[in-house]
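Working notes, beginning with the structure itself.
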Amino acid sequence: MRANLLILAGTSEATAFARAAADAGLAGTVSFAGRVARPLRQPLPQRSGGFGGVSGLRSYLRAHRVTHVVDATHPFAAQMSRNAVAACAAESVPLVALTRPEWSEAPGDRWIRVSDMAGAVAALDRPPLSVMLAIGRMHLGAFARQVQHRYLLRLVDPPEAPPPFPRCEVIVDRGPFDTTGDLDLLRSRGIELVVSKNAGGSGAYAKIAVARALGLPVVMIDRPVQPDRREVYDVAAALDWVVHAGTDLGV
Ligand code: NAP
């Protein structure tokens, strides 16, 4: 049987894996949640939108005769990852997660670790500061409780509604970002504190390195717990897994 991959996407790793899979002559589909207006063009066919929970994903796997699932979603996309593990187990489709080790504190870092978004909101209960709120757009509403700060947001798409804080600047940009650019950005905006998810990987790390260099505190949001699953940390390992997972399901 020829391999037919389902790549759960939304990260630079997913795009890199899709490129490698296409170059290796593998067939498959790249799946996006549909949150971003202009997802990057992929070297394999792409689809967009939720599957409809575990049962919807099970139906999709059957209908499209998916042979392998590569979950290359963001480490904070925990619902999708849980659904993928459950659906693949139920349909006996092998699954691997292509993910990234989390960032850990380096000498000079001033991290305030919090376990979730609510913890990050609580950590901002302090006098006014200039804050880089690097959490995407989904959870901005929670920070309406801390309107005393001046916020800098960096989003992939312009926000559909104005952010819920009176003092705010939005920059529309898509990573990866580098330390030269982020040093310039944080300095020019007088940023005094950074709020970040512990995304891992290199594409979003520049602001963390810059905060360290400038001696700024970082409210670092821990990752959600992921289900038990096989994980790999680079594209080559994911490709190797596809070729060897399931005795006769390789290229
Ligand atoms: P989530 O909370 O885990 O997922 C919520 C629902 O969105 C899922 O149950 C699923 O709907 C749908 N969904 C998520 N990823 C999908 C995909 N790749 N293909 C099809 N449906 C998908 O996910 P999220 O945190 O909102 O993230 C959404 C997307 O943005 C993901 O592709 C993720 O990789 C990307 N992203 C997320 C973050 C972040 O910080 N969360 C950062 C960068 C990129 P159904 O239940 O209907 O199937």
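Please read all numbers here as calculations on a predicted model, not as lab measurements. In listed order, ligands and their atoms are each counted from 1.
- Of all protein heavy atoms, the one lying nearest to atom 40 (O) of ligand 1 is Lys197 NZ, 2.4 Å.
- Which parts of ligand 1 touch Ser31 is read off a 4.0 Å heavy-atom cut-off, strictly below it: atoms 17 (C), 18 (N), 19 (N), 20 (C).
- At the shortest separation from atom 44 (C) of ligand 1 among protein heavy atoms lies Gly10 O, 3.2 Å.
- Close contacts of ligand 1 with Gly50, meaning ligand atoms under 4.0 Å from a residue heavy atom, involve 11 (O), 21 (N), 45 (P), 47 (O), 48 (O).
- Looking at atom 23 (O) of ligand 1, its nearest protein heavy atom turns out to be Ala77 CB, 3.4 Å.
- Atom numbering of ligand 1 starts at 1 in the shown order; those under 4.0 Å from a heavy atom of Asn83 are 9 (O), 46 (O).
- One N or O on the side chain of Asp157 and one on the backbone of Ala37 form a donor-acceptor pair closer than 3.5 Å.
- Using modelled atom types, no side-chain atom of Arg145 and backbone atom of Val147 make a donor-acceptor pair closer than 3.5 Å.
- Taking a cut-off of under 4.0 Å to the non-hydrogen atoms of Gln79, the atoms of ligand 1 that pass are 1 (P), 2 (O), 3 (O), 4 (O), 9 (O).
- The closest donor-acceptor contact from the side chain of Gln46 to the backbone of Gln42 lies under 3.5 Å.
- At under 3.5 Å, a nitrogen or oxygen of His74, whether backbone or side chain, sits near a nitrogen or oxygen of ligand 1.
- Taking any N or O of Met138, backbone or side chain, none lies under 3.5 Å from an N or O belonging to ligand 1.
- Trp103 places no side-chain N or O within donor-acceptor distance of the main-chain N or O of Ala199, the cut-off being under 3.5 Å.
- Remark: distances from the non-hydrogen atoms of Gly49 to ligand 1 include one below 4.0 Å.
- Gly52 counts as a contact of ligand 1, since one of its heavy atoms falls under 4.0 Å from the ligand.
- Among the atoms of Phe51, some N or O lies under 3.5 angstrom from an N or O of ligand 1.
- What sits closest to atom 8 (C) of ligand 1 on the protein, heavy atoms only, is Met80 SD, 4.1 Å.
- Judged purely by atom type and a 3.5 angstrom limit, Ser59 uses its side chain to pair as donor or acceptor with the backbone of Ser55.
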TODO: Could you walk me through whether Asp182 and Arg154 pass the salt bridge (charged side-chain N to carboxylate O under 4.0 Å, His left out) test, one step at a time?
DONE: CA-CA 11 Å; Asp182 276 6; Arg154 183 161 59 187; 2.7 Å; yes
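- Looking only at protein heavy atoms, the nearest one to atom 46 (O) of ligand 1 is Gly53 N, 3.1 Å.
- Only the side chain of Arg47 comes within 4.0 Å of ligand 1, counting heavy atoms alone; its backbone N, CA, C and O stay farther away.
- Only backbone heavy atoms of Ala78 (N, CA, C or O) come within less than 4.0 Å of ligand 1; its side chain stays farther off.
- For the pair Thr67 (side chain) and Asn4 (backbone), a donor-acceptor distance under 3.5 Å is present.
- Without hydrogens or angle criteria, His149 side chain to Leu124 main chain gives a donor-acceptor distance under 3.5 Å.
- Listed by number with element, the atoms of ligand 1 under 4.0 angstrom from any heavy atom of Phe76 are 25 (O), 39 (C), 40 (O), 41 (N).
- Remark: side-chain polar atoms of His68 are not paired, donor with acceptor, to backbone N or O of Leu5 under 3.5 angstrom.
- Ranking protein heavy atoms by distance to atom 17 (C) of ligand 1, first place goes to Ala33 N, 3.5 Å.
- Through direct or relayed side-chain contacts under 4.5 Å between Ile, Leu, Val, Met, Phe, Trp and Tyr, Leu57 connects to Leu6, Leu8, Phe51, Tyr60, Leu61, Val66, Val69, Met80, Val85, Val93, Leu95.
- Each of the following atoms of ligand 1 lies closer than 4.0 Å to a heavy atom of Thr73: 18 (N), 34 (O).
- In this structure, Val114 and Ala123 approach most closely via the heavy-atom pair CG1-CB, 4.3 Å.
- At distances below 3.5 Å, not a single donor-acceptor pair connects side-chain atoms of Glu192 with backbone N or O atoms of Leu216.
- Among Arg230, Arg82, Arg229, the one residue that satisfies the salt bridge (charged side-chain N to carboxylate O under 4.0 Å, His left out) test with Asp71 is Arg229.
- Ranked by closest heavy atom to atom 26 (O) of ligand 1, the top entry among Arg82, Arg35, Gln46 is Arg35.
- Considering backbone and side-chain N/O atoms, Ser81 never comes within less than 3.5 Å of an N/O atom of ligand 1.
- One option in Gly203, Ala9, Gly175 has a heavy atom closer to atom 31 (C) of ligand 1 than any other, and that option is Ala9.
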